[in-house]
Amino acid sequence: MKSKLLIVDDETKILRSLKFLLEDRFEIYTCENSSEALEVFKNEKIYLVLLDLRLKEGSGLELMKKFLQFEPNAIIIIMTAYSTIENSIDAIKSGAYYFITKPIDNDQLILLLNTANEKLQMYQRINSLEGHIRKDIIGESYPIKQINDLINKIKDTNATILITGESGTGKELIAQKIHRTSNRADKPFVTLNCAAMPGELLESELFGYKKGAFTGAYKDEVGVIRRADKGTLLLDEIGEMDLRLQSKLLRFLQEKEVRQIGDSKTNEVDVRIICITNRDLEKEVKAGKFREDLYYRINVINIVAPPLRERMEDLKYLVAYFIDKYNISFDKNVKGITDEAYEILSNYTFKGNVRELENIIQRAVLLNTSEYIKHDLLHIESQEMASNSNNSTNNHVKIYEGENMKEIEKKVIKFALEKNNQNRKWTADSLGIAERTLRYKIKEYNL
Ligand SMILES: Nc1ncnc2c1ncn2[C@@H]1O[C@H](COP(=O)(O)OP(=O)(O)OP(=O)(O)O)[C@@H](O)[C@H]1O
Ligand SMILES: [Mg+2]
């Protein structure tokens, strides 16, 4: 069955040519104005939209926000002329999936739509079977039981919580569970990653700003603290926050009031704060990189997510859980894993913890063609070897039976990037593709 695609543009000519280009692949709906587009979007339950930002009647950005308000999982691709690139950046910030510039490169557009469509279908499959899958902290080991007990005890308090642990151990999952089981569950759960942006921007994201407070402040913005009012605010990678902002955060934690940048008055808020870090904050305090008073203020309750290698008795539950999960999302029917393959997993160190295990199982389920996953689909030996010989003169890309073109392509690009010191121009040249194509693929494969 073809997916529905809505194309919104005020130029009839463009609508016609895009329809012609894409109608073999998608069930196309076209609209020239906002109000009609919104109607079609709602009535036809469309999840994929190609939208021109500049419409004769109404703004494309506003329309996009309405789409996303109605259906937060919709994928909106923005089409734009070079002159409006800045608006496109705004659009991305407001939730657009991607933007492409006009004149449109047909190949690029088709590639983009195909990727978006795959993402959408996977998402819909997972969603339609939601409930089938327990989105919980899986494990029966002592540390996991302790964490669950602790969550139970503290979920309804307002105490600030610090979750620490190595990468991929499930810190975010713990934070989600605290909120989901707390008496704030029906209120917002807002996440801000403190490593994602420079200090100034982070400050404006946190506290919000008034229109005109600085260049680029086109409108009032309340900030994530106020958006999380009555709910929970998760500050991920808190260890990356700079010292100046740390003082501001501390002041907020003490006074429970926020002042938008450029505002004269303050607003009272009621938020539960959860912080996550994989840094050793005590060490950071000693090194003068993290404020001691803030450290004590956020570390009221500390939950430590243990590395997987310290609770290998959970391995069997996790493996079964991820096989279930990816059977659903890839529409497969894998029954389990062979003893031999399980043996390999249980002797593996999992430096990337549960996330690494999840990736291994995801991939194995995808590639598996028999009832049970065999050891050759785990690719663990090769992973360890690859990481051990990172800097050696590795001169070829390994290809395994059963891999599809995309996986091979991804490996080849990754390899070429490494060979060329991440220089995109050289890499593109060495692969004989356009730099723009390379950029797109880097994004597509998350390299
Ligand atoms: N105990 C668990 N049960 C089920 N899934 C888990 C568990 N622990 C981790 N996961 C899964 O592993 C992945 C990584 O978990 P999560 O994002 O919570 O890790 P993290 O500790 O926040 O990592 P990072 O520090 O890299 O951000 C997610 O897909 C998560 O659902
Ligand atoms: Mg995380």
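Start at 1 and go down the list; that is how both ligands and their atoms are numbered.
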Give the numbers and elements of all ligand 1 atoms closer than 4.0 Å to a heavy atom of [X].
X      : answer
Leu318 : 2 (C), 3 (N), 4 (C)
Asp136 : 3 (N), 4 (C)
Asn278 : 25 (O)
Phe322 : 5 (N)

From the options [options], select the one whose nearest heavy atom is closest to [atom].
atom                    : options                        : value
atom 11 (C) of ligand 1 : Lys171, Glu358, Arg311         : Glu358
atom 14 (C) of ligand 1 : Glu356, Arg355, Glu166, Gln362 : Arg355
atom 5 (N) of ligand 1  : Thr164, Leu173, Ile138, Asn359 : Leu173

> Crowded around Gln254 CD? As in, over 12 foreign heavy atoms under 6.0 Å?
Replying inline: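 It does: Gln254 CD has more than 12 such atoms within range.
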> Which one holds for Tyr317 and ligand 1: side chain close, backbone close, both close, or neither close, with close meaning a heavy atom under 4.0 Å?
Replying inline: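 For Tyr317, there is no contact with ligand 1 at all, from either part.
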> Going by heavy atoms in the side chains, are Leu162 and Ile303 under 4.5 Å from each other?
Replying inline: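 Sidechains of Ile303 and Leu162: no contact.
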>> Ignoring hydrogens and geometry beyond distance, is a side-chain donor-acceptor pair present between Glu203 and Tyr209 at under 3.5 Å?
In response: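 Looking only at side-chain atoms, Tyr209 and Glu203 do not form any donor-acceptor pair under 3.5 Å.
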>> Distance alone, cut at 3.5 Å: any donor-acceptor contact between the side chains of Tyr445 and Glu409?
In response: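 Yes - a donor-acceptor pair under 3.5 Å links their side chains.
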For [X], is at least one N or O under 3.5 Å away from an N or O on ligand 1?
X      : result
Gly168 : yes
Thr169 : yes
Gly170 : yes

> How would you list, by chain and number, every residue that makes a salt bridge (charged side-chain N to carboxylate O under 4.0 Å, His left out) with Arg439, sequence neighbours excluded?
Replying inline: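 Arg439 satisfies salt bridge (charged side-chain N to carboxylate O under 4.0 Å, His left out) with no residue once adjacent residues are dropped.
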> Under 3.5 Å, is there a donor-acceptor pair between the side chain of Lys332 and the main chain of Leu366?
Replying inline: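 Pair found, side chain donor or acceptor close to backbone of Leu366.
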> Phe189: what forms a ring-ring contact (aromatic ring centres under 6.0 Å, His included) with it, not counting sequence neighbours?
Replying inline: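 Phe189: ring-ring contact (aromatic ring centres under 6.0 Å, His included) contacts with His179.
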> So, for Phe67 and Tyr47, is the gap between ring centers shorter than 6.0 Å?
Replying inline: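 No: the rings miss the under 6.0 Å criterion.
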